[in-house]
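Before any comments, here is the structure.
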2 protein chains.
Amino acid sequence: MSTASSLSPAASQFVESWGSLGVLWGLNRSMARIHALFLVTDEPVELDQVAKVLNISRGNASMCLKELRNWGVIQRVHKPADRQDYYVAEPDVWTTFFRIAVERKKREFDPALNNLRHLLSEEDFSDSPKTQKRLEDMEDLFSTANTILGSLLSNEKTGRKAVGLLKRVLPKG
Amino acid sequence: MSTASSLSPAASQFVESWGSLGVLWGLNRSMARIHALFLVTDEPVELDQVAKVLNISRGNASMCLKELRNWGVIQRVHKPADRQDYYVAEPDVWTTFFRIAVERKKREFDPALNNLRHLLSEEDFSDSPKTQKRLEDMEDLFSTANTILGSLLSNEKTGRKAVGLLKRVLPKG
DNA sequence: CAAATGTTTCAGTTTATACTGAACGATCCA
DNA sequence: TGGATCGTTCAGTATAAACTGAAACATTTG
């Protein structure tokens with residue numbers, strides 16, 4: 001698709017679109033653009049190329065690459081007799097999706113649930129039955145979400161099966 | 001729980017925690033704090049009280065209340081012989097959850113999917129089979145998500161049943 | 001071990017988002 | 001009809017998030 005140093009118009013458009021679209025995944029604009037670049041590039045790419053092609057600073061590129069690696073959606077690779085770091089996208093988009101989901105649950109959902117549980121156990125809201133009920137329902141909702149997410153995300157294979165099953169079993173919207 | 005003009009320490013703590021936690025739902029801090037205020041308050045509350053109790057401007061309170069109403073998570077109510085607008089939270093937290101999910105799909109997911117489909121149909125990425133495959137997989141992933149979400153969210157009752165089923169059927173994380 | 005090459009960090013800056021409060025418009029009531 | 005009450009809007013301001021670029025750090029090689 002793309003050469004090492006510039007992008008075709010089509011690829012470029014994809015990169016920019018993915019930039020906004022990536023917010024859905026929880027990536028910021030630069031991270032999403034970089035990820036898109038890898039998605040449309042077969043060859044391993046190194047930091048300088050990323051910065052140059054996307055017109056961002058090396059510092060930003062470095063931080064984003066690190067973060068994308070933390071999320072497990074790109075990998076660092078090396079070429080023989082070349083000490084530069086190259087990066088490639090995780091080839092399987094479903095794996096990518098699951099990795100991000102797992103990571104976001106860990107970073108965002110789990111602390112929120114702990115916080116909520118802590119609040120509801122420490123504090124006494126019970127002088128109003130209606131309020132009490134609502135907060136209990138809220139905890140139930142979060143706990144249920146936790147159970148389902150935990151199950152779907154504990155194991156990628158299980159998750160994929162469940163997704164396939166859901167797709168077949170659910171009535172058409 | 002709370003009187004009309006101030007909050008108990010417990011309620012106050014809940015409001016502040018929900019403020020950060022609400023980002024998970026897609027609300028900003030003020031919206032989440034206001035929503036939390038309604039969750040721990042039985043009586044209908046009016047704009048001035050919201051602004052005063054949460055220490056935010058009337059303008060901000062007004063905009064947030066409007067937005068929360070758009071999301072369908074609070075309702076406007078009136079007292080006889082009183083022309084002020086009062087607001088109460090949707091009492092059912094699952095309904096609240098579904099309304100927000102429906103709204104976010106509409107606002108965030110659907111346009112993203114359209115964008116992606118448009119890109120993949122208009123542009124030709126096919127000179128690299130690997131890249132082409134990845135983009136097709138991506139479209140498949142989004143389409144599948146669309147089908148599942150559409151089904152779960154098309155009807156609240158269906159959605160609730162599916163959630164209950166999932167909870168029972170899935171293996172423990 | 002010094003120079004060259006490649007990577008990371010972070011203080012300062014830019015950009016995007018959220019918030020304020022005064023002005024305006026609408027509705028009610030004397 | 002004119003003042004009072006209540007709600008909304010929006011230009012300006014504050015806060016938070018993202019990004020830059022130069023300096024520091026690490027690694028390799030002659």
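Order of the sequence lines fixes the chain letters, A, B, ..., with proteins taken first and strands second; residue numbering starts at 1 for each chain. Treat the numbers as computed from the prediction; the structure is a model and nothing was measured.
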* Please indicate whether B:K130 has more than 12 foreign heavy atoms, meaning atoms of other residues, nucleotides or ligands, lying under 6.0 Å from its NZ. => no

Between CD of B:Q49 and P of D:dT5 the distance, given in whole Å, is 17 Å

Original post:
Would you say A:F38 has more than 12 foreign heavy atoms packed within less than 6.0 Å of its CZ?
Top reply: yes

Query raised in the report: So what does A:D85 hit on the nucleic acid, given a heavy-atom distance under 4.0 Å: a base, only sugar-phosphate, or nothing?
Result: sugar-phosphate

Atom CG of A:L27 and atom P of D:dC19 are separated, to the nearest Å, by 12 Å

Q: Go through the side-chain N and O atoms of B:Q132 and B:S128 and say whether any donor and acceptor fall under 3.5 Å apart.
A: no

Within residues 76-84 of chain B, those residues having any heavy atom closer than 4.0 Å to DNA chain D are B:R76, B:R83, B:Q84

Check: What class does the angle between the rings of A:W18 and A:F14 fall in, given that below 30° is parallel, 30 to 60° is tilted and above 60° is perpendicular?
Finding: parallel

- Task: Considering just the side-chain nitrogens and oxygens of A:K66, establish if one lies under 4.0 Å of OP1 or OP2 belonging to C:dT9.
- Result: yes

Atom CE of A:M31 and atom P of D:dA17 are separated, to the nearest Å, by 15 Å

Open item on the list: Between B:K167 and A:T147, do the side chains contain a donor N or O and an acceptor N or O under 3.5 Å apart?
Closed with: no

Requested in this report: Ignoring hydrogens and angles, answer whether the base of C:dG21 and the side-chain atoms of B:R58 contain a donor-acceptor pair closer than 3.5 Å.
Outcome: no

When rounded to whole Å, the CG to P distance for the pair B:L65 and C:dC19 reads 13 Å

Winner on side-chain proximity to B:S62, out of D:dT20, C:dT9, D:dT8, is D:dT8

Taken to the nearest whole Å, CD/B:E67 to C1'/D:dT9 is 15 Å

Tested for side-chain contact (heavy atoms from CB on, under 4.5 Å) against A:I34, the lone hit among A:L27, A:I56, A:V73, A:N60 is A:I56

### Query
B:F142 vs A:W25 aromatic rings, parallel, tilted or perpendicular, using cut-offs 30° and 60°?
tilted

Rounded to whole Å, the CG-P distance (B:N60 to C:dT17) equals 16 Å

Between CG of B:D48 and C1' of D:dG7 the distance, given in whole Å, is 10 Å

Rounded to whole Å, the NZ-C1' distance (A:K52 to D:dG21) equals 19 Å

Between B:E46 and B:M63, whichever has its closest DNA chain D nucleotide further toward 5' is B:E46

- A:S30 side chain near D:dC19 phosphate (N/O to OP1/OP2, under 4.0 Å): yes

Practice task
Please state whether the phosphate of D:dC19, meaning OP1 or OP2, lies under 4.0 angstrom from any side-chain nitrogen or oxygen of A:N28.
Solution key: yes

